[in-house]
Amino acid sequence: MKGDLKDEAPVGADGADTGGTGSTGGTGVTDGAREGRQRAKADFRFDDARLCFAFAGTLADRGTGTPFERLARPEDLSRWAVESGCTAAAPPCTAADLERARHLREAIHRTGRALAESVPPAPEDIALVNRAAAEPPSTPELAPDATTVRWRGDGIAAVLSMVARDLIALCASEHRAHVRLCGNPDCEVPFVDTSRASARRWCSMKTCGALAKKRAYRARKQTPER
């Protein structure tokens with residue numbers, strides 16, 4: 001593949017680099033835990049995630065019989081656009097925008113799974129991603145003091161273009177060989193394993209990794225000593 005595609009996605013609300021190799025600055029929005037409250041199920045997750053896979057994570061509990069939809073309303077999509085760092089102002093979103101976004105999200109998730117399983121992705125999913133990426137994306141704007149970057153674009157289509165382009169950049173990079181699925185069977189969100197030993201198991205140690213540790217601890221406590 002050509003080597004001129006670069007990772008230029010923004011940083012998520014929690015400060016994690018959502019673009020993989022290139023950090024460009026975030027919005028300063030904090031998640032519930034950093035605001036002093038316990039993180040709610042509906043809060044978006046950006047910990048240790050690329051932009052495209054953070055978007056895939058807006059449908060939680062995929063491995064269960066009752067997935068949890070974080071993009072329940074158009075307003076949620078607008079909120080994700082800001083909290084992800086893709087735009088400085090919440091873009092207006094319609095029900096049709098939300099439906100298109102969900103279709104893109106599922107195409108990204110299926111493509112991520114295909115990369116993790118080393119099988120060809122579905123042509124219809126690639127076509128959907130390419131259509132989204134063809135829209136003009138948000139553009140970076142450097143602050144006068146050259147310390148922060150704000151992303152500006154024309155509505156939610158620009159945000160979804162950035163998400164789609166992030167997946168394309170991933171597929172055009174060596175990181176495509178390091179895509180994994182979260183080891184939590186209830187989660188199944190793709191992630192890029194950039195650990196030195198290529199032994200990362202969870203989409204994030206702050207969520208699924210911490211949950212696995214808690215479950216293992218409880219199991220040990222319940223096991224009678226011999």
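In what follows, every heavy atom counts, from backbone to side chain, and hydrogens, waters and symmetry copies are set aside. Residue numbers run from 1 in the order of the sequence given.
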Residue pairs passing the side-chain hydrogen bond (donor to acceptor under 3.5 Å, both in side chains) test with at least one member in residues 114-124, sequence neighbours excluded, are R113-E117
Checking [X] side chain against [Y] main chain: does a donor-acceptor pair fall under 3.5 Å?
| X | Y | answer |
| --- | --- | --- |
| R165 | A133 | yes |
| H103 | L128 | no |
| T148 | A143 | no |
| R50 | D166 | yes |

Is there a side-chain contact between [X] and [Y] in this structure, where contact means two heavy atoms from C-beta onward sitting under 4.5 Å apart?
| X | Y | answer |
| --- | --- | --- |
| P74 | T94 | no |
| I108 | F55 | yes |
| C187 | D61 | no |
| C86 | W151 | no |
| I156 | L160 | yes |

When rounded to the nearest 0.5 angstrom, what is the spacing between [atom1] in [X] and [atom2] in [Y]?
| X | Y | atom1 | atom2 | value |
| --- | --- | --- | --- | --- |
| L71 | C93 | CG | SG | 9.5 Å |
| I126 | C171 | CD1 | SG | 6.0 Å |
| S78 | R73 | OG | CZ | 10.0 Å |
| R180 | D193 | CZ | CG | 5.0 Å |
| F68 | L59 | CZ | CG | 10.0 Å |
| L170 | H178 | CG | NE2 | 10.5 Å |

Parallel under 30°, tilted from 30 to 60°, perpendicular over 60°: which one fits the rings of F46 and W80?
tilted
Salt bridge (Lys or Arg N to Asp or Glu O under 4.0 Å) pairs, two or more places apart, involving residues 86-104:
E69-R102, D97-R100
Linked, directly or transitively: L77 and V159 (ILVMFWY side chains, under 4.5 Å)
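Yes, same cluster.
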Can you hop from L104 to L115 via hydrophobic side chains spaced under 4.5 Å?
yes
side-chain contact (heavy atoms from CB on, under 4.5 Å) assessment of C182 paired with E188:
CA-CA 5 Å; C182 182; E188 298 184 346; 6.0 Å; no
Determine the minimum heavy-atom distance between [X] and [Y], stating which atoms define it.
| X | Y | result |
| --- | --- | --- |
| H109 | P190 | CD2-CD, 3.5 Å |
| V149 | P140 | CG1-CB, 3.7 Å |
| C52 | V163 | CB-O, 3.7 Å |
| S138 | M162 | CB-SD, 3.1 Å |

Flag the pair D186 and R62 as a salt bridge only when some basic side-chain nitrogen lies within less than 4.0 angstrom of an acidic carboxylate oxygen.
no
Take R70 and D43, measure what salt bridge (charged side-chain N to carboxylate O under 4.0 Å, His left out) needs, and give me the verdict at the end.
CA-CA 7 Å; R70 292 190 174 110; D43 288 339; over 6 Å; no
Test log, rule side-chain contact (heavy atoms from CB on, under 4.5 Å), inputs F53 and L167:
CA-CA 8 Å; F53 292 152; L167 179 66; 4.3 Å; yes
Will you find, in the side chains of T87 and R152, an N or O donor that is under 3.5 Å from an N or O acceptor?
no
